[in-house]
Participant: 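This is the structure, below, for whatever I ask next.
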Amino acid sequence: MNEKLLKPYNAKDTEERIYKLWEERGFFNPDNLPDDRKESFTIIMPPVNANGSLHAGHGLVMTIEDIMIRYKRMRGYRALWLPGLDHAGFETQVVYEKKLEKEGRTRFGMDPKELYKEILDFTLENSKNIKSQIRNMGASCDWSREKFTLDSGIVKSVHQTFKRMYDDDLIYRGNKIISWCAKHQTSFSDLEIKDEERVDQFYYLKYGPFTIATARPETKFGDKYVVMHPNDKRYQKYKHGQKLTLEWINGPIEATVIKDSSIDMEFGTGVMTITPWHDNADFEIAERHGLDKEQIIDDQGKLLSLAGEFAGVHIKKARPLIVEKLKSKGLVEKIDENYKHIVRTCYKCGTVIEPQIKSQWFVKMKPLAIKALERINNGEITYIPEHYKKITLHWLENIIDWNISRQIVWGIPIPAKICDECGEGMIDIEDTIVKCTKCGGEARKDNDTFDTWFSSGQWPFLSLGYPDSSDFKTFYPTSVMETGGDIIFFWVSRMIMLGLYITEKIPFKNVYLHGMVLDAKSQKMSKSKGNVIDPLVLTDKYGTDAFRMGMVVGNTPGTSLALAEDRIRGYGKFANKVWNAARFVLDNTKDLNTEEIHKYDEEDKKSDEDLNNLITEITKEMDDFKFYIVAEKLYHYFWHTFADIIIERSKKKILEGRNADSAKALLYSQLTTLLKVLHPFIPFVTEEIWSMLPQKEKRLLMVEKWPHTNV
RNA sequence: GCGCGGUUAGCUCAGUUGGUAGAGCAAUCCGUUUACACCGGAAAGGUCGUAGGUUCGAGUCCUACACCGCGCACCA
């Protein structure tokens, strides 16, 4: 018997060696695969954020995608799984800022070039770590094709997309109201905002002859328009455009009456004043009527000179002071203490978002969304689970323009010049423009970077070397996009739109969305709660095969997974069981001529058929992405049929010499078949056992053919 | 407010076209047998959130409600 088989299974010793063997043999690269493979199967790995360690969610990604790719590779496809790393713009910058903070430093005031270099070094250092952790998960991705979102070729292509979209009138420089985080000093798209329900005080203030209601009295200094519904009978005597002089926070002002049908007559008093610079709805009203807009709050969140004696006070502290003053002037009519409303906050730090009017680059989304809607409605993309399709359609139908400018250094620079005199934005990839093409004024470099999703939204075709590479021709459109359901809008939907725009093809045929990995009690993992489970601790303790089984068994797409250590431990036993069953089989079939065809007795024949039927069943389920049920069925068959029944039965037959050949042949046949079908799930232990089979001319298990089925 | 999930054994979850409820872990009892004590055998455990409806038959289909989670929304 092979010496290794005398010892108990040792996952740790095996895994590193086997992974190395796989890499050396080169089959991760589809160009090196044996046999004539015509049809390709492609998965682009969601580029991993190179700003930390692999977390449990990554563990799930690597497991599911590796199962898919190994399965298709065994089914004879040109299987490509392309790995990548993401610079992850804002996310990484936030991580790095925290690091700076710990060192008593801050990014503000730092030389941008110096900061960029520091973050780049940090990212490159991390990426080494990440890549070794991906290997640890058994990922059979093609490292020779690895891409990073800041590779010069990628950056170049992103710049070209930017220009092409500008030329096609899909990108514009707009002076619009955007969401601003005063802590991070950058603008966001609407997706980076988290709505939060809060209970606040609601103030009814006397505004001349009106009573206006507001939750933010501290923004009201500049309010000189008072708005009501044109059909509101209560205010019929006031005409649109009518001017009134009234006493306000810092003295008398002249107010103008505006009639606008967006006003809800039922709400509050049916009258409000507007702050167009710091409120989306107010901005819209001001735009409709061509009203003045004045900035009240600066980028740091402090009141500007318009606030008079309150200038320089931070917005968070201003409210009680101003309410006090309003009260002293007798302008407060009443205060509702129990006002429930939604506050928009920064998804990262929870700071209340302060809308600001700024000049930024925007993508016109409607034309892009229309094309995506058409293809999705045609059924060209399959969503797993299906309900994500509905969610996507709803989002696309109500899409708004996308602000892609970020005021951070870490990211792909926006190749543009800005004229501060007339506000013109000019695309300048070659960096040659010095004067404004419109007014001749000074043109300065745009210091902003792209929203990271602008580049990752192009990832499927960029990572394959669009437009000229043979890879792009061979592997695009890709087969499956597997990622977390939480980035369905951020990433998946934008990839569809940008992919269609640039390549005129859907970027992927299937979208497989997994749920969140939660802790054992179904709580979200977070550092502050201290319930973070490190996948590498688990793979170290129980083996990667065990971890993978734990990730996939019973884990239906789209639903979250409670990751309990017991679960993984249980599947560690399974790997051991497979190992021991193999020991038994190999020990008892030494004298069996495995090249010869054997006859089974009745019960063995039945077992042979049973397994064939199972293979047929699971093959169909694999094609339907039902890995959760396949893993469970194989687990169950191996343990409770193959080991408990077939092996136990064979002991008797072999001992008594009754139909011993039939028994031995069945043992060997079932073991080899089971190793193949188990391989995508538990690749290490199966490959290790495979290497010990007494067959001549043997391939690696990873490129063996999936068992023939009746399908 | 609108929408989407979920509610099944102590815990975590499966349950494909409607046909007598399943797995893992935990807990119970017994057992060293050609691999495996990281084992084997046995037994236990559920009025499938609630209330109606369709049906010969509903965990599964329909309606309403409750609770949990999530997403979307410019009511100041």
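In the text below, chain A, chain B and the rest are named by the order of the sequence lines, each starting its count at 1. Both backbone and side-chain heavy atoms feed into the values below; hydrogens, waters and symmetry mates do not. Just so it is clear, the model here is predicted, and its values are computed rather than measured.
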Participant: Do T616(A) and T619(A) have side-chain N/O donor and acceptor atoms under 3.5 Å apart?
Facilitator: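 There is no such pair (donor and acceptor under 3.5 Å, judged by atom type) between the side chains of T616(A) and T619(A).
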
Participant: From CG of L561(A) over to P of C13(B), roughly how many Å is that when rounded to an integer?
Facilitator: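 Spelled out: CG on L561(A) to P on C13(B) is 8 Å.
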
Participant: Quick one: is the NZ or CZ of K651(A) closer than 6.0 Å to the six-membered ring centre of F584(A), and within 45° of its axis?
Facilitator: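 Yes - K651(A) lies over the ring of F584(A), closer than 6.0 Å to its centre and within 45° of its axis.
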
Participant: Give the B/S/- string for nucleotides 70-76 of chain B, one per nucleotide from 5' to 3', where a protein heavy atom under 4.0 Å of the base yields B, of only the sugar-phosphate yields S, and otherwise -.
Facilitator: -SSBBBB

Participant: Nearest whole Å is fine: how far is G15(B) P from N555(A) CG?
Facilitator: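 Result: 11 Å.
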
Participant: If we count only N and O atoms by modelled type, under 3.5 Å, do the side chains of H229(A) and D260(A) hold a donor and an acceptor together?
Facilitator: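 Checked: H229(A)/D260(A) side chains show no N/O donor-acceptor pair below 3.5 Å.
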
Participant: Taking only the C1' atom of each, what is the distance from A27(B) to A9(B) in whole angstrom?
Facilitator: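 Per the computed distance, 12 Å lies between those C1' atoms.
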
Participant: Rounding to the closest angstrom, what is the interatomic distance between U60(B) and C2(B) at atom P?
Facilitator: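 The answer is 25 Å between these two P atoms.
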
Participant: Counting the atoms with a prime plus P, OP1 and OP2 as sugar-phosphate, which does T556(A) contact under 4.0 Å by heavy atoms, base, sugar-phosphate, or nothing?
Facilitator: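 Result for T556(A) = sugar-phosphate.
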
Participant: C1' atom, U47(B) versus A42(B): distance in rounded Å?
Facilitator: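 After rounding to an integer number of Å, I get 27 Å for this pair.
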
Participant: Specify the separation, in whole Å, of atom CD1 of I629(A) and atom P of G24(B).
Facilitator: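 To the nearest whole Å, that distance equals 13 Å.
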
Participant: Between W402(A) and D451(A), does any side-chain donor sit less than 3.5 Å from a side-chain acceptor?
Facilitator: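 Side-chain D/A pair, W402(A) to D451(A): present.
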
Participant: Does Y635(A) or L518(A) map to a spot on RNA chain B nearer the 5' end, using the closest nucleotide for each?
Facilitator: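 Mapping each residue to its closest nucleotide by heavy atoms, the 5'-most match is L518(A).
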
Participant: Using atom CD of Q523(A) as one end and atom P of C11(B) as the other, report the distance to the nearest whole Å.
Facilitator: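 Value for this atom pair: 15 Å.
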
Participant: Under 4.0 Å between a Lys/Arg side-chain N and an Asp/Glu carboxylate O for K348(A) and E192(A)?
Facilitator: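 No, no charged N to carboxylate O under 4.0 Å.
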
Participant: Could you check how far OH of Y571(A) sits from C1' of G24(B), rounded to whole Å?
Facilitator: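 In whole Å, G24(B) C1' and Y571(A) OH are 5 Å from each other.
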
Participant: Got more than 12 heavy atoms from elsewhere within 6.0 Å of NE2, H341(A)?
Facilitator: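 Counting other residues, nucleotides and ligands, NE2 of H341(A) exceeds 12 neighbours.
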
Participant: Do the ring planes of Y207(A) and W248(A) sit parallel (below 30°), tilted (30 to 60°) or perpendicular (above 60°)?
Facilitator: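 Geometry flag for W248(A) against Y207(A): perpendicular rings.
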
Participant: Over all strands shown, is Y628(A) touching base, sugar-phosphate only, or nothing at heavy-atom distances under 4.0 angstrom?
Facilitator: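 Sugar-phosphate contact only - Y628(A) comes under 4.0 Å of backbone atoms but never of a base.
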
Participant: Roughly how many Å apart are U50(B) and U17(B), using the C1' atom of each and rounding to a whole number?
Facilitator: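 Looking at atom C1' only, U17(B) and U50(B) are 28 Å apart.
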
Participant: Can you check the distance between C13(B) and U7(B), where both ends of the measurement are the C1' atom (answer in whole Å)?
Facilitator: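 C13(B) and U7(B) have their C1' atoms separated by 12 Å.
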
Participant: Where does RNA chain B form stems of at least three consecutive Watson-Crick or G-U wobble pairs, each pair having both distances below 3.5 Å?
Facilitator: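 Output for stems: B:1-7 with B:66-72, B:10-13 with B:22-25, B:28-31 with B:39-42, B:49-53 with B:61-65.
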
Participant: Compare all side-chain heavy atoms of Y635(A) with those of V553(A) and state whether any distance is below 4.5 angstrom.
Facilitator: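 SC-SC contact between Y635(A) and V553(A) ruled out.
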
Participant: Strictly by modelled atom types, are S607(A) and R649(A) linked by a side-chain donor-acceptor pair under 3.5 Å?
Facilitator: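 Yes.
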
Participant: Between C29(B) and G19(B), how far apart are the P atoms? Round to whole Å, please.
Facilitator: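 It comes out at 38 Å once rounded to the nearest Å.
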
Participant: Would you measure the distance from the C1' atom in A44(B) across to the matching atom in G59(B) and give it in whole Å?
Facilitator: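 Comparing C1' positions in A44(B) and G59(B) gives a spacing of 22 Å.
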
Participant: Please state how far atom CG in L393(A) lies from atom P in C4(B), giving the value in whole angstrom units.
Facilitator: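 After rounding, the reported distance stands at 13 Å.
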
Participant: Distance alone, cut at 3.5 Å: any donor-acceptor contact between the side chains of Y203(A) and Q201(A)?
Facilitator: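 Yes, a side-chain donor-acceptor pair sits under 3.5 Å.
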
Participant: Rounded to whole angstroms, how far apart are NE2 on H636(A) and P on A14(B)?
Facilitator: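 H636(A) atom NE2 is separated from A14(B) atom P by 18 Å.
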
Participant: Taking atom P in both C25(B) and C68(B), what distance in whole Å separates the two?
Facilitator: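 Nearest-Å result for C25(B) against C68(B) at atom P: 32 Å.
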
Participant: Decide yes or no for V363(A) and D401(A): does some side-chain heavy atom of the first lie under 4.5 Å from some side-chain heavy atom of the second?
Facilitator: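 V363(A) does not reach D401(A) side chain to side chain.
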
Participant: Could you run through nucleotides 29-43 of chain B and give me one letter per nucleotide, 5' to 3': B if any protein heavy atom sits under 4.0 Å from the base, S if only the sugar-phosphate is that close, - if neither?
Facilitator: -----BBB-BSSS--

Participant: Would you mind reading off the distance between R569(A) atom CZ and U12(B) atom P, rounded to a whole angstrom?
Facilitator: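 For the pair R569(A) CZ and U12(B) P, the rounded distance is 17 Å.
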
Participant: State, without any angle test, whether Y71(A) and D623(A) hold a side-chain donor-acceptor pair at a distance under 3.5 Å.
Facilitator: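 Yes, a side-chain donor-acceptor pair sits under 3.5 Å.
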
Participant: I want to check something: taking the side chain as every heavy atom from C-beta on, are R344(A) and K194(A) in contact at a cut-off of under 4.5 Å?
Facilitator: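 In short, these two side chains do not touch, never coming nearer than 4.5 Å.
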
